[in-house]
Structures are given as C-alpha cells and as structure tokens.
Amino acid sequence: MAGGRPIRALNVAEKPSVAKAVSGILSKSPSSGGLRVRDGRSRYNKIFEFNYTIQNQHFHMSFTSVTGHLMELEFEERYRKWHSCDPVQLYQAAVKKYVPEDKLDIKRTLEEEARKCQWLILWLDCDREGENIAFEVVEVCTQANRNLNIWRARFSALIDREIHYSMQHLVRPNQLFADAVDVRQEIDLRIGASFTRFQTMLLRDAFNLDFNTDDKNIILSYGPCQFPTLGFVVERFWEIQSHEPEEFWTINCTHNSEEGIATFSWTRGHLFDYTCAAIIYEMCVQEPTATVTRVRQQEKLKYPPHPLSTIELEKRASRYFRMSSEHTMKVAEDLYQAGFISYPRTETDSFSERTNLHMMVQEQQGHPVWGSYAQRLLDPEARLWRNPSGGGHDDKAHPPIHPTKFSAGEAGWSQDHHKLYELVVRHFLACVSQPAVGAETTVDIDIAGELFSASGRMIIAKNYLDIYRFESWGGSMIPTYNFGQQFTPATLTLDSGVTRPPPPLSEADLLSCMDKAGIGTDATMHDHIKKLLDRFYATKDSNTRFSPTKLGEALVMGYDDMGYELWKPYLRAMMESDMKAVSMGTKSKTEVLETCLQQMKACFVDAKSNKEKLFEAMAVFFERSNRSSTNEQNTVAEVVRRCNICQESEMVLRRKPDGNFMVGCTGFPHCKNVVWLPGSVSEAVVTTNVCSSCAPGPIYQIQFKFRRLEIPPNYNVDHLGCIGGCDDILRQLVEICGTGSRNSSSVQGRGSGHTPSSNSAQRSNSRGQNACANCRQTGHSSDLCPSRVSRGRNVRSQEADAQEGESSIPCSSCGAPCVLRTANTANNRGRKFYSCRPECNFFVWEDNINEGGRVTRGNISRTTSNPSRSGGRGRGGRSGRQSNDVAFVSATGEPISGRCFVCGDPSHFANVCPNRGR
DNA sequence: GCAAGGTC
C-alpha cells in the first residue's frame, strides 16, 4: 500500500529531448496526475512535472535537463593569458571546474529545484561522459541542498518497459566512470594548451604563413585528436609521394563466340618479373589452344547495410552526396530537432528486439516515391521483409538512426535536408529487406598449363537494391561454355601496367581511420576533421579528398624529425586504455594523471629543446618573416660586412625571436642573403677586427660565446670568428650543433658548397629564394620537383643516375641512338639499360652488351595494348615450333613477328632458346 | 587566443 507524504524528487537528463521522452513515459499512468510543463530559467530546458510511485512510495517528480556538460575545466586566472607563464608550467598549473556563462541559467534552475527536493535522480546518458555530467549535476545540486538522496537511473533505450524498470531499480552513481573523464579532460587541457601556445608563439611570427585570411592571429593548435587526424592525412600524402611506379606484366585472353565476347584474366594476376611473364606468354602463344577445365554456377547474395550509426551516416552522406561530415551532422541535428529522424549521435548499429520496426515502415507507405516499396515490405506474400542484422555495436543509449516521422518533404527544407532524410529512410527500409540475389558463372580455362578465368553475373532478385538506390550490383553476360570444350583465343596478349599510388584520403576514409584508431567519438569526429581545415592544416578537394597544407606537413615533419610520434594515434590509444583502467578501478585517477602528465611534460621539454627541428621543417615550406619581436626591434644591428650578393646593403648581426643568431642583409626582403650561426651561440658581438683572409672586405670578426653544454669539450666557449668562409671552427660547430634554423647557406655563405648536416636542412632552401626544398634549384617548389617523385621521407639518392642520358648506342632494331638510363623497378633498381625511342620500344640491359658494344641479348617488344584494341589479331595459332600468326602485339596493336628475346633469333622462342642461362 | 567532450 502506498503511503506517506509524497517525496519531491528532481530528475535530470542529459538533454531536453530525453527529459521530455522519459517524463512522457513515466506520466502515462492515470495516477500521475497528468504531465505538466513549466519553464525553467533556460529557455531550452523545460521542467516537466508528474506524480509517480516507486516501491509503494509516492513521489512528486520534477524532470529537467542540462545540455551536455554543465562545467568546463580551465586553468586558474593567472595562467589564462598566453604570456602569463612558460607553457611548461601548464603541466602543474592549478585548474578548476566552473560553470561557463552560457550554462548559468541551467545551474540556477538546478539550484532552485534542488532546494525544493529530497531526492535527486540522475538520468544522464549511460556512458562515461554521462556519468561525469551526473557528478557535475550532483555538485551543483548538493551545494544548494546538502541533504539530497542521490540516485542514478540506468537505461539503454527510451522504451516504456525499460524506463519504468530503471525507475524501480535505481542505483548509486559510479564515481570511477566520472573519474576516467576527469583524467581525460585534464590531460587534454594541459597537453593541448601547452603545445598550442608553444608552437603558435614559436612559429607564427617567424614565418610568412601565406594563407588567404584576414586573421593575422592564426593559431597553430595541437590536440590529441586533431593532430593524429592530421597525421593520417600527411601519412597518406607521403605514401603517395614516395610511391615508385613499378611495371608489371599480365596475360589477357579473349574469345569470341556466337553468344558474345568473353574476357579471361590470368589466374596469376600479374608478375613484376618481365622475363618470367614473357616466358610464360611465349609458352601460351606456342600452344594457344584453350581447354575449359571448370564451369561453376553459384548463387550469390548481396546483403543490405547494417542499421545506421553516426559514422556510417557521415561516411555515406560524404560518398553519396559529397556532404562534409560536419554539414551532415548539422542537417541531421535539424531533422532530429524537428522530429523527423531519431537521435543522430549513436554508435549503435542494431535494433533492439523490442523496436516496432513494422510500425516505422507503415509510416512510410504514403510516400509518393518509396511508399509502394514500404507497402511491398509489409505484404507477407511479397516475402521482401527480413529482420535486420546488426553490426555488433551498441552504445546502450540510443537506437540506430531511423525515421521517426513521415515526411514527403517540408517547406523549409534545403536540398540537403531532403537528401539526408531520404538516405535515412531508404537505409532503414533497406535494412529490413531481403538481400539481392544473383547467379554467378565462372569459367576456368587452361592454355599451355596456365590458368585463366572469366565470370558473368545475372541478377535474379534486386530486393533491397530496389530501394537503396545508392548501391548497385552490375550484371554481366558470359557466353555458355562446357567442360572440356576447346577453342582458340581471339587475342592473347602480354600487357604491361604500372603500379599506382593510393589516392589521397577521402572524408569517408578519414572517418574510418579515426574510428579504427579510436580518435574522437561519434559526436566529435566531424569537429576534428573540420578543425584541420579551419587551422589551415589540410585542404579538401571537390572529390572530398584531403591533402595536407604546407603548414600541416611542416608541423608533422618537425615532430617526426624530432623522433616523436605525437602525430600518430598512439597517445590517444594509451589515454583510452588508461581511462578504461580508471573506470574499471584497476588504476587510480591520480596515478594515471601523474604518470601521463609526467611523460607528456618530459616530451614537451624535449620538444622545446629540439625546436630547431620545427624551424627547419617550417623553413622547407615558408619564407622567414621580417616581423620581429620587441626585443629584436630594440637591438641596434651591428654591421658585419657589405652584402656580397646584392652589393648594395649591409649584412648585420641579429638575434631572432627564437634566441638564435644570424647575419642577414638589410636589403631583405629584396635581398635574401643570410648566414646562419651555430645554435649553441649564447652571445655574439661584432668587433672592430677585420678578417685578413676573406674578401671582399672589410669583414668584421664577431666575438662569440657558446653554451658550454652544447658544444664538444675540445672547443672553447669564447671564439673570435669570421662569417666570410675562413672560419673552420664556426663551420664545425654548425655541423655539430645545427643552427637552430635552416642553414643551407650557413657560415660560408651561399654557394660555398657546404652541405648541411641536419635532416630537414637537406630539404631546405636558401632564405627567401623560394628554391626547391628537394633539389635546391629555383623555378619550382619542392612538391613539383621532378626529382622528388620518390622522396617520401627520405630523399632518394640521385647519384646512381649520374651518367644517365650521357651515353648511347645504335638501336639494333631501328638504328636510332638508344640512351642509357637507370631502372627504378623493385626487381632491377639501379640496373642500367639502353632504350630506344618510345615508338621503337627496344631496350637492352647494359650488362647484356659485350665489350665490342654488341648487343648480346635483345628484348622482345613490350605490349601495352588494351586487349580490346587487338581483338581479332593473332587468331588461329597452331601448336608447333613457330607460330608467327599468333603474334606478339605491339603498343599500337600491330603484330610483331615472334623472336627469341634471349638471343634475338626469329626461329625460336626464349623458352626453348639454346643460349638461355649461359 | 589553447583541448576534447557533451549539447541547443
């Protein structure tokens, strides 16, 4: 029997929609007294009121909501200004949680309601973030009312039975889950703020970042999610750049029958070894009769997609409509707010058994385009229905994205609203449909012991493909073949191709990479991608493919040169695993925080001391700026010599904002002559001493003081040096210590032949000349450098090509000169060969030429023909020694009489050549 | 002015 005075309970959900939905469910019973709604202080977060009974105890329920996190973590005031402290202090600086301005209304509502209540029931989402928000709510509410009895409702779906069950089985909130989020927040803040301040203040004003923006104060941010996201983009970019095209060979065969043409492909796929491919090809050509060894018929099914999660929605909208993930989420949010689709931020890709899928399909029956399909789905005789298969993910908070309200299009919708709603509906209808059915026929043939196969497909039932217009499954015809049947191919060609680099990452690829590596959450991934664009770290082309900008590549290159993998997803993965440990109670919050921050601080200190790597990497892509710090402006520059390049201005000693010294021309930017000095210089003063050996003079000597710990013990801390080129000590110290900046013209000045030692410096150029970072020639940038095709992360040695093109022999085929070149394929890298004009196609390995310059081994012509272009040629070969009528086919499709590629003899092929192997 | 995570 219910008894006692009703208890007043404050219920809080993570978002207004959940407060409304749960209140709606709980107030359905007649004893609830109906659902009342009143305004809170925040216009978005209403307060619902109703009566409810928990285990015979009457309650008066107030149900309101927050909007995600109520609090933010921030440094204490004295650390907030960027110049208030050394960024390294941010690893210990005091932090505090506070309610930001725009959440104060919600806070006041909670305080006011909490004062009136005895219980607090937390309905936050059932994940770690939700648990953390629960404790934020607890903090605010208990400050207003210390006597609250605090409970947590655990629910995984907004379904009547589940919600009532949750209310009847309240538990206590889980501090460990909330702790895990506290750890993440603090690490993210300290790492993000320290690295962002460090790299922004270090690099922004030191280089001319030529972005097309009015905002001069761009931020070079670092974050544990945004940087690995950039890392994926840069890594693919480098992969593309370092790709070395490799030639491969394949044998293709076609056959014409009365029913049509069949194209057979080689079971071996392709071979990179030309000799092997050619030998096999010759064997086939000599005995070209094909025998059918197997005819196989199989039923194939193409399954509909799993129910729609956020990431899949973003990926598919990008693929099908080229919508950015960020825009997709904006449009999805609109549709959700207006009640047309379910909550769009979900990891779940399977429907709960309790979901009434039929009812959702029924709603769509009236649609002018897909209504008839929905009707067919519901007709048992059509046998189109199939219970959806799940993808194995469940966030226990939200169902897969599905339509919640019928619409044939609303007046206020943009094209993108229409498209996205259509995608959600069609995807949902596809999920509950039968898979497409096809009949596949595969025919295997044997030619001279080599296997080839061809296949065809007939679509028997399209099923879900009828509604899911975004996917297709092509049908293709194949003539009828019988086991044992023999025929002569219409064409049999040895075709070449080259390997191609992968394409730049598409938005869908990027989302997959992030998902796989655990970078971001379903609700934030699109933000990280957008951040790359906003920060000028990457660009996206019209095909939704991402490439790094110079800035993005330079930053990643800088950290990579330091030996850090800060741009890889490992840090986040480690944090994720630590967070899991905290939430399971196997590690404490303090322990994880201390360890992680200690490691990151050490890394930060190290990165700071290696900042020249960032400078060098930036210098590969950007011109140094003449924007100088206040200190530098106040320094009276001391003249060292008259500029030996422009002959007009003075070269003066300067100290850069990063603390390093240089001698630069005052004619900058017109003249970009500069001499970089060792990074270990702590003091430098121009003296009145004139160097007696360097010309043209006078060149004033500089009194240097080096930092003891940064130079080898056998060097003096004090040194009177010259920048004219005579000073070996200065040159050695640049070699040893670097310059703390790029240094292709260090110490001896431009053109002195000095080779810089550091990795990035090798890619760097002379100051401001916009010379190629790769070959140091002007006239093109490094990304267009003809010698950079294979740069990747290591500049390919050009030395092997030194004699390339300088030597020639007469072509033994056409008489034209063949030029010496160097092979760059995997099997023959570095091997020299002579090749003739492209139209001749002749080439010979250099080591196949005897001392008299005579070609000892020739080469059959390579075919690069498209099989269809050579159709009909070479038909009718007979097995025998020589079969000129089954010919090799040239690039232009012309038959070439067969001859042995080993000795060039036209009377036999290489597989039987008596000279082979000698 | 900085992160990432909620959400409006």
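Everything quoted here is computed from the prediction, not taken from an experiment. By convention in this document, chain letters (A, B, ...) are assigned in the order of the sequence lines, proteins followed by strands, and residues within each chain are numbered from 1.
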Fill in: Phosphate-side-chain proximity, A/His528 and B/dA3, N/O vs OP1/OP2 below 4.0 Å
no
Item to complete: Report yes or no: is the ring centroid of A/Tyr222 under 5.5 Å from the six-membered base ring centroid of B/dA3, with the two planes under 30 degrees?
Response: no
Practice prompt. Would you check if there is a donor-acceptor pair between the side chains of A/Ser325 and A/Thr328 at a distance under 3.5 Å?
Written response: no
Response to the item:
CD of A/Glu591 to OG1 of A/Thr586, rounded to nearest 0.5 Å, is 8.5 Å
Fill in: Residue A/His83, side-chain atoms from C-beta onward, closest of B/dG6, B/dA4, B/dG1
B/dG1
Worksheet entry | Closest listed nucleotide, where the reference is the side chain of A/Arg197 and the choices are B/dC2, B/dT7, B/dA4 | B/dC2
Fill in: A/Arg345 side chain to A/Tyr343 side chain, donor-acceptor N/O pair below 3.5 angstrom
yes
Discussion item. Output the rounded distance in Å from CG (A/Asp188) to C1' (B/dG5).
Written reply: 8 Å
Response to the item:
Closest to the 5' end of DNA chain B, once A/Tyr343 and A/Ser194 are matched to their nearest nucleotides, is A/Ser194
Discussion item. Does A/Glu136 reach a base, just sugar-phosphate, or nothing at all? Heavy atoms under 4.0 Å.
Written reply: nothing
Worksheet item: Hey, is the side chain of A/Arg128 poking within less than 4.0 Å of OP1 or OP2 on B/dA4, counting only N and O atoms?
Response: no
Worksheet entry | Minimum-distance nucleotide to A/His69 side chain [options: B/dA4, B/dC2, B/dG6] | B/dG6
Worksheet, complete the sentence: Assert: residue with more 5' nearest nucleotide on DNA chain B, out of A/Lys531 and A/Glu14, is A/Lys531
Fill in: Under 3.5 Å side-chain donor-acceptor pair for A/Asn45 and A/Ser65
yes
Worksheet item: What's the closest nucleotide to the A/Pro16 side chain, out of B/dG6, B/dT7, B/dA3?
Response: B/dT7
Fill in: Point-to-point distance, once rounded to the nearest 0.5 Å, from OG1 of A/Thr196 to CG of A/Leu90
10.0 Å
Discussion item. So A/Asn132, base contact, sugar-phosphate only, or nothing? Heavy-atom distance under 4.0 Å.
Written reply: nothing
Worksheet item: When all nucleic acid strands are considered with a 4.0 Å heavy-atom cut-off, which category describes A/Gln185: base, sugar-phosphate, or nothing?
Response: base
Discussion item. Considering every strand and a 4.0 Å limit on heavy-atom distances, what is the contact class for A/Arg43: base, sugar-phosphate, or nothing?
Written reply: nothing
Worksheet item: Is there a donor-acceptor contact under 3.5 Å linking the side chains of A/Tyr91 and A/Ser194?
Response: yes
Fill in: Rounded distance in Å - CZ (A/Phe195) to P (B/dA3)
14 Å
Worksheet item: Does any donor atom in the side chain of A/Gln199 or A/Tyr559 lie under 3.5 Å from an acceptor atom in the other side chain?
Response: yes
Fill in: Short side-chain N/O contact from A/Thr196 to OP1 or OP2 of B/dG1, under 4.0 Å
no
Item to complete: Quick one: label A/Arg572 by what it contacts on the DNA or RNA (base, sugar-phosphate, nothing), any heavy atom closer than 4.0 Å.
Response: sugar-phosphate
Practice prompt. Ignoring backbone atoms, establish whether A/Thr524 has a side-chain N or O less than 4.0 Å from OP1 or OP2 of B/dG5.
Written response: yes
Item to complete: Report the distance from atom CD of A/Gln226 to atom P of B/dG5, rounded to the nearest whole Å.
Response: 11 Å
Discussion item. In this structure, how many angstroms lie between the P atom of B/dC2 and the CG atom of A/Leu73, rounded?
Written reply: 15 Å
Worksheet item: CZ of A/Phe198 versus P of B/dA3: gap in Å, rounded?
Response: 16 Å
Discussion item. So A/Gly520, base contact, sugar-phosphate only, or nothing? Heavy-atom distance under 4.0 Å.
Written reply: sugar-phosphate
Fill in: N or O in side chain of A/Thr521 less than 4.0 angstrom from B/dG6 OP1/OP2
yes
Worksheet item: Looking for any heavy atom pair under 4.0 Å, which part of the strands does A/Leu90 touch: base, sugar-phosphate only, or nothing?
Response: nothing
Response to the item:
In whole angstroms, the gap separating C1' of B/dT7 from CG of A/Asp127 amounts to 13 Å
Worksheet item: How close or far is atom P of B/dA3 from atom CG of A/Leu593, stated in whole angstroms?
Response: 19 Å
Discussion item. Is it the case that B/dC2 (base atoms only) and A/Glu74 (side chain only) share a donor and an acceptor within less than 3.5 Å, ignoring hydrogens and angles?
Written reply: yes
Worksheet item: What is the distance from CD1 of A/Ile219 to C1' of B/dC2, rounded to the nearest Å?
Response: 6 Å
